Amino acid sequence: MKSFPLALLTLAAAVVATPTDLTSNANHVFNAIHSALRQWGSSLNHNGMSYFLATVPEGTQLYHGTSSEAPVAGMEWLAFEPEHSLLFAWRRRGRRPPGEGPAPQVPLAPPEDDELGGYLHTYRTARPLRLLYLDGEAAAKSAKGTLDTQDYVLLNDTEKTGMFREYERAKGMCALAATEWQGRIDGILRMEGGFEIIMCNFSETLAVERITRAKGRGMRDGGQRFDYYRAITARYDGIGGGRVQLNYDAFVTGFDAKYGVHPLFRAVDGRVLPRLVNATAAQVGMMKGDITALVLGPGASFDWQATADMIVGRYASRLEHLVSGALPTLEDVQDEIENTMKPFIDYADRNATAEIQRCAAQFIPSTAPVPSQSMAASAIWAISTRICASLSSASQQPTHPAAVQEIRELMGYLEWTAWKRCGPCDYDRLCMVPIWPFGSAEDFERPQCLNASQMEGRRGYWG
Ligand SMILES: *[C@@H]1O[C@H](CO)[C@@H](O)[C@H](O)[C@H]1NC(C)=O
Ligand SMILES: *[C@@H]1O[C@H](CO)[C@@H](O)[C@H](O)[C@H]1NC(C)=O
Ligand SMILES: *[C@@H]1O[C@H](CO)[C@@H](O)[C@H](O)[C@H]1NC(C)=O
Ligand SMILES: *[C@@H]1O[C@H](CO)[C@@H](O)[C@H](O)[C@H]1NC(C)=O
Ligand SMILES: *[C@@H]1O[C@H](CO)[C@@H](O)[C@H](O)[C@H]1NC(C)=O
């Protein structure tokens, strides 16, 4: 959606009762907008703090793998990639509650000899869906904080009944959808290795496209895991195909200082990560109230993620170049910064303030909502202004180390996930980052292109 009717804008702004305060965490909010619905950034920043209203268009294909041929009638899980669902399309052995258990557990199960496996159900959305998107890697059943937005806030599970109680967690959120959210939410959108929906009532929202028999596990070749990874890493830069739209103007995020969760950041296995562990009952109540207001509001907005992409696209490699050591003198650094700022300079009338303002506004259309109307606008203006001001200031530093240091500080603040990318991989390799439950600490520090055999057995990041 390119523009936004004024009435809806007013509504979008009105749904948030207390004014938001994104000033202290604008970098994290910018990154949440940039990484939303993307397997790459959401895998690296796996502790999502935000709740977005999402819509899926009518006619979108979604997949479900199961041991049963019968169409699903009630609540179950749906994947955006069929390779993700195929992990569940196996014949039932022993007791396993429906939908229980993490997907990638399946390849570890003992092999079956049968030629036929379970069933791959292909559904189409019978109408547009309204979903609550929990960002980060919210379907990762890990103890690192990936479940905080669900367990501490939505479900108020202060007893911490256990991270693997997926069925109970899903039932709890669908109960919220039916009660507090007044039936306005069809399900919960989350990510693990692939994006998935906890759909609260299949028969209400989906039409069966086909139900087919999957290949038996005894027939499986060694490429199964790699092919699953290939399918989900194809979504590193986006869920794709316009399959989901988000409202970026009004959302709820633990990064919002108005909730005052303290401390928000804490040490988790050698990283500093946001957690909602210390949210008080009053803070949780405030967040839940805002989520309820959010889910009653409009489902789509100006596409602020596209604006974030323009900013990252323009500055990611320029900033890397400035600190790379390839520019050994102060003059080299100043020249490079000037090249970046040149379009915003009136050489007949130098004025740093005006240059920073023009630079910051480059990718923001005049028709876009302004910060008082849009949370994304606040974060994006804050970040684009910070980048342009730091560049301007660095070019005025008296020494080479001081100029480079200023850019390093800017990059440390921005923490863009683009700086961890592997670069292009050969066709038989994939850029490997930890995606629950796979991946090693090294895969987080220095992701590399790995082939199918190199990817086997890489563990340790998730503990
Ligand atoms: C959350 O749970 C705690 C302890 O079980 C309870 O005291 C509190 O009232 C609950 N808060 C909400 C908003 O339900
Ligand atoms: C699910 O939707 C169907 C069709 O609209 C309806 O008949 C059924 O009662 C719903 N089930 C629940 C549990 O709401
Ligand atoms: C988190 O909250 C708990 C209980 O309110 C408190 O004991 C603890 O000190 C807090 N943690 C920090 C790091 O402030
Ligand atoms: C520099 O630009 C700013 C912003 O456009 C303006 O307010 C200020 O008056 C300008 N300063 C001078 C010396 O022209
Ligand atoms: C993966 O690469 C390694 C090292 O280059 C090689 O020894 C191995 O045979 C490759 N495996 C596959 C499945 O291509």
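Just so you know, ligand 1 is whichever comes first in the structure, and atom 1 is the first atom listed for that ligand. Everything numeric in this text was worked out from a predicted model, so none of it was measured.
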[atom]: any protein heavy atom closer than 4.0 Å:
| atom | result |
| --- | --- |
| atom 7 (O) of ligand 5 | no |
| atom 11 (N) of ligand 2 | yes |
| atom 14 (O) of ligand 5 | yes |

Could you tell me if [X] sits above the aromatic ring of [Y], with its cationic atom closer than 6.0 Å to the ring centre and no more than 45 degrees from the axis?
| X | Y | result |
| --- | --- | --- |
| Arg225 | Phe438 | yes |
| Lys288 | Tyr51 | no |
| Arg235 | Phe195 | no |

**Request:** Any chance you could lay out the ring-ring contact (aromatic ring centres under 6.0 Å, His included) test for Tyr248 and Trp304, step after step, and finish with the verdict?
**Result:** CA-CA 6 Å; Tyr248 294 102; Trp304 285 106; 8.6 Å; no
**Request:** For the pair Asp186 and Arg127, find out whether any cationic side-chain nitrogen is under 4.0 Å from an anionic carboxylate oxygen.
**Result:** yes
**Complete:** For Ala354, the ligand 4 atoms with a heavy-atom partner under 4.0 Å come out as 2 (O), 5 (O)
**Prompt:** Should the proximity of Glu456 to ligand 5, defined as any heavy atom under 4.0 Å, be assigned to the side chain, the backbone, both, or neither?
**Reply:** neither
**Complete:** One finds that the ligand 2 atoms under 4.0 Å from a non-hydrogen atom of Ser203 are 1 (C), 2 (O), 3 (C)
How far is [atom] from its nearest protein heavy atom, and which residue and atom is that?
| atom | answer |
| --- | --- |
| atom 1 (C) of ligand 4 | Asn351 ND2, 1.4 Å |
| atom 2 (O) of ligand 2 | Asn201 ND2, 2.4 Å |
| atom 4 (C) of ligand 4 | Gln357 OE1, 3.6 Å |
| atom 5 (O) of ligand 5 | Arg429 NH2, 3.9 Å |

**Request:** Indicate whether any N or O donor in one side chain lies under 3.5 Å from an N or O acceptor in the other, for Gln454 and Gln448.
**Result:** no
**Asked** Is any N or O atom of Ser453, backbone or side chain, closer than 3.5 Å to an N or O atom of ligand 5?
**Response** yes
**Request:** Enumerate the atoms of ligand 5 whose separation from the nearest heavy atom of Asn451 is less than 4.0 angstrom.
**Result:** 1 (C), 2 (O), 3 (C), 8 (C), 10 (C), 11 (N), 12 (C), 14 (O)
**Prompt:** Which of the atoms in ligand 5, numbered in the order shown and given with their element, are less than 4.0 Å from a heavy-atom of Gln454?
**Reply:** 2 (O), 3 (C), 4 (C)
**Request:** Answer with yes or no after comparing the ring centroid distance for His46 and Tyr461 against a 6.0 Å cut-off, counting only values under it.
**Result:** yes
**Request:** Give me the one residue out of Val404, Leu391, Leu410 that meets side chain to side chain contact (heavy atoms under 4.5 Å, CB included) with Leu322.
**Result:** Leu391
**Message:** Before you tell me yes or no, could you show the steps for Cys425 and Cys431 under disulfide (SG to SG under 2.5 Å), namely the whole-Å CA-CA distance, both residues' side-chain angles and the distance that decides it to 0.1 Å?
**Reply:** CA-CA 7 Å; Cys425 297; Cys431 182; 5.2 Å; no
